[in-house]
Amino acid sequence: SPFPVIRDYGNLRGWIDDCVENYPDLNNKCQAWWYQQKWKLKDDIYTEQHITVVIPVSPIKSHPATDILDETIASIRHHMPKVKIIVSFDGVREEQADLHMNYIEHIRAVLYKHRDIYPVIFGEHRHQVGMMRELLENHITTPLVMYVEQDTPLEKEPIDFAEIFRLIEDGESNLVRFHHESSIPKEHSHMMLGSEGNFVRTVQWSQRPHIASTAFYRRVMSEFSDEAKCFIEDHMHGVVYNAYLKDGKLAYNQWRLHIYHPEGNIRRSYHTDGRKGEAKFDDTQIF
């Protein structure tokens, strides 16, 4: 547990002073720990959970406001009211130290408003790769995982999740992505390899909302170094496409990526642009 367990009351005053000094950061960590305990109890009782949703969160200038994350969580609940949503709060990088207090207040507000999430708070900056590795190792227990960045909500248009689950579980796909435009742009056509029913085969990796097998995501993490601190897409886009350029269809068969492509408008996600032009710190990424 993140809070002190006292056996010697002679140290009580010192523990109180430490807790006050670390407020509200310690408060957030204790609240997150308690939410995790309730979800673990639920998991022990009910075993029907099939998929876990992951939302990575990092500091942005609009914090402590929660509206961007609120919208994303609500969009997921629209489709999956009871799913476990892991919200992983990254640590603050040195370059964003000025955002720290607003970020801590943002976390406090999120925990107060969303008492049905599974929050994981990281004490140091781990970036998308570092956080996902930790979640896969210690928090995700379902066979499928859906990855949704904090500012990429799902549309309310119907999604046939049962068909997506079947495609992945039968081994026909490793990952199915939801498109953020009504159709696939012509300039991306060279990365599309034809249709399979309501899906399009692709060698384009994007971090837009997607569903994948948990086993596949473990394999994806092996494409990064042990010290990696970076966006997943910034590395995986090149890994998948360069493999295809080298080995063609046989390379695609190793990845088996799809875009959900029902008849008509295929847009199933959108972007609320949480960063709004802020720096991505690309030059500090470690792959």
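Throughout, residue positions are numbered sequentially from 1 according to the sequence presented.
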Decide yes or no for R77 and I85: does some side-chain heavy atom of the first lie under 4.5 Å from some side-chain heavy atom of the second? yes

Applying salt bridge (Lys or Arg N to Asp or Glu O under 4.0 Å), which residue pairs with at least one partner in residues 169-178 are found, sequence neighbours left out? R166-D170, R166-E172

In this structure, is the centre-to-centre distance between the rings of W255 and Y244 below 6.0 Å? no

Applying ring pair (Phe, Tyr, Trp, His ring centres under 6.0 Å) as the test, list every pair that has at least one member in residues 179-202; sequence neighbours left out. H190-Y241, F199-Y260

Check whether Y217 forms a cation-pi arrangement with R219 (NZ or CZ under 6.0 Å from the six-membered ring centre, at most 45° off the ring normal). no

So the ring pair (Phe, Tyr, Trp, His ring centres under 6.0 Å) pairs with at least one residue in residues 72-97 (sequence neighbours excluded) are H79-F161

Do any N or O atoms from the side chain of D90 and from the backbone of H127 form a donor-acceptor pair under 3.5 angstrom? yes

Between H125 and F281, does the ring centre distance come in under 6.0 Å? no

Are K82 and D116 within salt-bridge range, i.e. N to O under 4.0 Å? no

Electrostatic pair K113-D70, nearest N-O below 4.0 angstrom: yes

Quick check against the 3.5 Å criterion: does T142 have a side-chain atom that pairs as donor or acceptor with the backbone of L144? yes

Heavy-atom check, side chain of K84 versus side chain of V53, under 4.5 Å: no

Show me the pairs that pass salt bridge (Lys or Arg N to Asp or Glu O under 4.0 Å) and involve residues 191-214, at least two apart or across chains. E196-R201

Is the shortest heavy-atom distance from the side chain of Y112 to the side chain of V110 under 4.5 Å? no

Residue pairs involving residues 1-22 (criterion salt bridge (Lys or Arg N to Asp or Glu O under 4.0 Å); sequence neighbours excluded): none

Is it true that R268 and E155 have a side-chain N and a carboxylate O under 4.0 angstrom from each other? no

Suppose the criterion is salt bridge (Lys or Arg N to Asp or Glu O under 4.0 Å): which pairs have a residue in residues 248-259, not counting sequence neighbours? none

